[in-house]
Q: 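Below is one structure. I have some questions about it.
As the structure is a computational prediction, the values presented were derived from the model and not from experiment.
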Amino acid sequence: MAKVLTSREENYSQWYNDLVIKADLAENSAVRGSMVIKPYGYAIWEKMQAVLDKMFKDTGHQNAYFPLFIPKSFFSKEASHVEGFAKECAVVTHYRLKNDENGKIVVDEDAKLEEELIVRPTSETIIWDTYRKWIQSYRDLPILINQWANVVRWEMRTRLFLRTAEFLWQEGHTAHATKDEAVAEAETMLKVYANFAETYMGVPVLQGIKSPNERFAGAVETYCIEGLMQDGKALQCGTSHFLGQNFAKAFDVTFVTKENKQELVWATSWGVSTRLMGALIMSHSDDNGLVLPPKLAPIQVVIVPIFRKEEELKAITEKVDGLINKLKEKGISVKFDNRDTHKPGFKFAEWELKGVPIRLAVGPRDLANGTVEVARRDTMEKEILHMEGIEDKIEHLLEQIQINIYQKAYDFRDNNSFRVDTWEEFKAQVEKGGFIYAHWDGTSETEQKIKDETKATIRTIPIDGKFEEGKCIYTGNPSKQRVVFAKAY
RNA sequence: CGGGGUAUGGCCCAGUCCGGUUAAGGCGCCUGCUUUGGGAGCAGGAGACCGCAGGUUCGAAUCCUGCUACCCCGACCA
């Protein structure tokens, strides 16, 4: 088989870059750091959106849309928030172009904006400025809103899906009357994300909270789900924030309680982005290409006819037409690849590269025997089955593949999670990769020093982590719980 | 923003050191024939102001100057 991908062993990040391009998911654009998401890649994102959107609505949220542009003055109202994002903001300063004396298009300096506009890196500020107008009484609460949007963070170094200057995401922004309710909301959405990652993406994730160093700018507490990629590096797959009353204070959002008292509103925000595409790719795929979980695959079953003459294709088409309908009735997406411009071998390789979970091949031999060749992408196994009742077997096989993909990723994480108790051991393990459960004294200084010396950061402090007395890996100071360290994307 | 590298048909790239007149090859593309159960073969064909702007020269992809873009490594980050 002709090799089109760099192998993972040879160069993991090159493998990833090759795969994104070759599987037709996305490509670099004319704009530095911004990508074009191609139809096949976007189809996966759309499936993710559809599932998540339903999950959000099932938990009581509604969609809305807020502006792309945020007045600079709004942005500077919450001190730690602005500090966190200031260095990566795109700023709009003018609203008109003109021809200069040489006929070149230039910015019209006369069209300077009174107040500069920030291109949103996230929407807390514009949303909380709006919520002030929406909220007067406890009767107006809670507000449970989500928006699907693009945001811009002017990153210095970018990678397709994992970090781009502009990316797509959803951001939920909720307002509550009590602290407990807001905390519960942040935790609920974390569970939604974890459920989505595991059940649909087949990516096992650790759930926990972020250390202060890794916390979202403006949050009181940041919750996260963390996945482990095949190269042993961690990838944050989603975050949910308990924002306390920070934004309510900054934007003066108060409400009157039943007891007629003025109080500040409690807030949360939560988001997942097209970065999930990166997690999906890096969790399951192999040296032959993408491996997609059936629940998110744009095409779940591809049928490749094997034929010499048009009459043969016609006979095969008649035979598989019924099967295609039966599969569609089951809600299974099928592609009949009847192109006569490519040979079967080419198609096999191409659909493997694109990660289609199941491939059926039907040729003259099968027509004679009433059979079909079934190949599954995750294990690359092939078997010949009778056409009779094949649709039930395919439905079942898709479920099996979904389970197997998750199990494989789970086992990988399990085999790459380590408990480490000495600094020497820790440094050695960081080099090898994986999740490292170690004791930490709870201070930002120690975390920073560990990061400076090893590049490993605290990915999460597990929520369901067992409390256990121990000594900090770095300082030897007492610790009550192991936290998870790893090198991260 | 530091350090390194690259720029030549749609893509990968040779040629650049040492200047010389049809800019080589592979992939892909088009046409035809033969093929089709794991990325087909043969024959023919189209496609390039050699990143941009100057300069040196009889002559520049090649030498000089300036610029721009992209990639890799760091600092920053979902």
Q: Tell me every residue that passes salt bridge (charged side-chain N to carboxylate O under 4.0 Å, His left out) with A/E198, counting only those two or more places apart in sequence or in another chain.
A: none
Q: Could you pull out all donor-acceptor pairs under 3.5 Å where a side-chain atom in residues 303-313 of chain A meets a protein atom, sequence neighbours excluded?
A:
{"residue": "A/E312", "atom": "OE1", "partner": "A/R308", "partner atom": "N", "Å": "2.5"}
{"residue": "A/E312", "atom": "OE1", "partner": "A/K309", "partner atom": "N", "Å": "3.4"}

Q: Whole angstrom is fine here: how far is it from CG in A/N28 over to P in B/C70?
A: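 Going from CG in A/N28 over to P in B/C70 covers 10 Å.
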Q: For A/F167, which contact category applies under a 4.0 Å heavy-atom criterion: base, sugar-phosphate, or nothing?
A: base
Q: Just how far, in rounded Å, is P of B/G28 from CG of A/D24?
A: 16 Å
Q: With a 3.5 Å cut-off and sequence neighbours excluded, list the donor-acceptor pairs that the side chains of residues 225-232 of chain A form with protein atoms.
A:
{"residue": "A/E226", "atom": "OE1", "partner": "A/R459", "partner atom": "NE", "Å": "3.3"}
{"residue": "A/E226", "atom": "OE2", "partner": "A/K210", "partner atom": "NZ", "Å": "2.7"}
{"residue": "A/Q230", "atom": "OE1", "partner": "A/R8", "partner atom": "NH1", "Å": "2.6"}
{"residue": "A/Q230", "atom": "NE2", "partner": "A/M282", "partner atom": "O", "Å": "3.1"}
{"residue": "A/Q230", "atom": "NE2", "partner": "A/S283", "partner atom": "O", "Å": "3.4"}
{"residue": "A/Q230", "atom": "NE2", "partner": "A/S285", "partner atom": "O", "Å": "2.8"}
{"residue": "A/D231", "atom": "OD1", "partner": "A/K233", "partner atom": "N", "Å": "3.2"}
{"residue": "A/D231", "atom": "OD2", "partner": "A/Y489", "partner atom": "OH", "Å": "2.6"}

Q: Taking only the P atom of each, what is the distance from B/U35 to B/G25 in whole angstrom?
A: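 My reading of the P atoms in B/U35 and B/G25 gives 30 Å.
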Q: Is there a donor N/O on one and an acceptor N/O on the other, under 3.5 Å, for the side chain of A/E352 and the base of B/G38?
A: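 Check passes, donor-acceptor contact within cut-off.
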Q: Is the A/W15 ring parallel, tilted or perpendicular to the A/Y12 ring (thresholds 30°, 60°)?
A: tilted
Q: My understanding is that only residues two or more places apart in sequence, or in another chain, count here; which of them pass salt bridge (charged side-chain N to carboxylate O under 4.0 Å, His left out) with A/K347?
A: A/D337
Q: Give me the distance, rounded to whole Å, that separates B/U57 from B/U16 when you measure between the P atoms they each carry.
A: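 After rounding to an integer number of Å, I get 24 Å for this pair.
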Q: Quick check on RNA chain B: between A/S13 and A/G363, whose nearest nucleotide comes earlier from the 5' end?
A: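 Upstream on the strand: A/G363.
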Q: Can you tell me how far P of B/C71 sits from CZ of A/R159, to the nearest Å?
A: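 Distance check: A/R159 CZ to B/C71 P gives 12 Å.
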Q: Taking RNA chain B as the partner, which of residues 189-206 of chain A come within under 4.0 angstrom of it by heavy atom?
A: none
Q: Given Watson-Crick or G-U pairs with both distances under 3.5 Å, what dot-bracket string fits RNA chain B, with | for other-strand pairs and [ ] for crossing?
A: ((((((((.[[[..)....(....]]].((((((.....)))))).....[[[[[..)....]]]]])))))))....
Q: Under 3.5 Å, is there a donor-acceptor pair linking the side chains of A/R377 and A/N288?
A: no
Q: Could you give the side-chain donor-acceptor pairs of residues 81-94 of chain A under 3.5 Å, partners two or more places apart or in another chain?
A:
{"residue": "A/H81", "atom": "ND1", "partner": "A/A217", "partner atom": "O", "Å": "2.9"}
{"residue": "A/H94", "atom": "NE2", "partner": "A/E109", "partner atom": "OE1", "Å": "3.1"}

Q: Measure CG/A/D337 against C1'/B/G37 and give the value in whole Å, please.
A: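 Spelled out: CG on A/D337 to C1' on B/G37 is 15 Å.
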Q: Looking at the rings of A/Y16 and A/F161, which for Trp means the six-membered one, are their centres under 6.0 Å apart?
A: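 No; A/F161 has its ring centre 6.0 Å or more from that of A/Y16.
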Q: Honestly, is A/R359 close enough over A/F348, meaning NZ or CZ under 6.0 Å from the six-membered ring centre and within 45° of the axis?
A: yes
Q: Please work out if A/L235 contacts a base, only the sugar-phosphate, or nothing of the nucleic acid, heavy-atom cut-off 4.0 Å.
A: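 Here A/L235 touches no strand at all.
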Q: Please list, chain by chain and in numerical order, all residues satisfying ring pair (Phe, Tyr, Trp, His ring centres under 6.0 Å) with A/W169, sequence neighbours excluded.
A: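 Once residues adjacent in sequence are excluded, the partners of A/W169 under the ring pair (Phe, Tyr, Trp, His ring centres under 6.0 Å) criterion are A/F167.
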Q: Checking contacts here: which listed nucleotide (B/C70, B/G37, B/A78) is nearest the side-chain heavy atoms of A/R32?
A: B/C70
Q: Does A/E155 reach a base, just sugar-phosphate, or nothing at all? Heavy atoms under 4.0 Å.
A: base
Q: For nucleotides 30-36 of chain B, give me every protein contact, N/O to N/O, under 3.5 Å, one pair per line with atom names.
A:
{"residue": "B/U36", "atom": "OP1", "partner": "A/R308", "partner atom": "NH1", "Å": "3.2"}
{"residue": "B/U36", "atom": "OP2", "partner": "A/R308", "partner atom": "NH1", "Å": "2.6"}
{"residue": "B/U36", "atom": "O2'", "partner": "A/F307", "partner atom": "O", "Å": "3.4"}
{"residue": "B/U36", "atom": "O4", "partner": "A/R308", "partner atom": "O", "Å": "2.5"}

Q: Identify all side-chain donor-acceptor contacts of residues 185-194 of chain A below 3.5 Å with residues at least two apart in sequence or on another chain.
A:
{"residue": "A/E185", "atom": "OE2", "partner": "A/H61", "partner atom": "NE2", "Å": "2.7"}
{"residue": "A/E185", "atom": "OE2", "partner": "A/W270", "partner atom": "NE1", "Å": "3.3"}
{"residue": "A/E187", "atom": "OE2", "partner": "A/Y223", "partner atom": "OH", "Å": "3.2"}
{"residue": "A/T188", "atom": "OG1", "partner": "A/A184", "partner atom": "O", "Å": "2.8"}
{"residue": "A/K191", "atom": "NZ", "partner": "A/Q207", "partner atom": "OE1", "Å": "3.2"}
{"residue": "A/Y193", "atom": "OH", "partner": "A/Q170", "partner atom": "OE1", "Å": "2.5"}
{"residue": "A/Y193", "atom": "OH", "partner": "A/G271", "partner atom": "N", "Å": "3.0"}

Q: Base, sugar-phosphate, or nothing for A/R359, non-hydrogen atoms under 4.0 angstrom?
A: base
Q: Between B/G15 and B/C70, how far apart are the P atoms? Round to whole Å, please.
A: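 That atom pair is separated by 26 Å.
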Q: Would you kindly give the CD-to-P distance between A/E350 and B/G39, to the nearest whole Å?
A: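 After rounding, the gap between these two atoms is 14 Å.
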Q: Have a look at A/T164 and say if it touches a base, only the backbone sugar-phosphate, or nothing, with a 4.0 Å heavy-atom cut-off.
A: base
Q: In whole Å, what separates the C1' atom of B/G41 from that of B/A53?
A: 48 Å
Q: How far does the C1' atom of B/C29 sit from the matching atom of B/G38, given to the nearest Å?
A: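 Going atom to atom, C1' in each nucleotide, I get 24 Å.
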Q: For A/K38, which residues count as a salt bridge (charged side-chain N to carboxylate O under 4.0 Å, His left out) partner, sequence neighbours excluded?
A: A/D24, A/E27
Q: Indicate, with a heavy-atom threshold strictly under 4.0 Å, whether A/K22 touches base, sugar-phosphate, or nothing.
A: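 Touches nothing.
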Q: Who are the salt bridge (charged side-chain N to carboxylate O under 4.0 Å, His left out) partners of A/E447, not counting sequence neighbours?
A: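 For A/E447, no residue satisfies salt bridge (charged side-chain N to carboxylate O under 4.0 Å, His left out) once neighbours in sequence are set aside.
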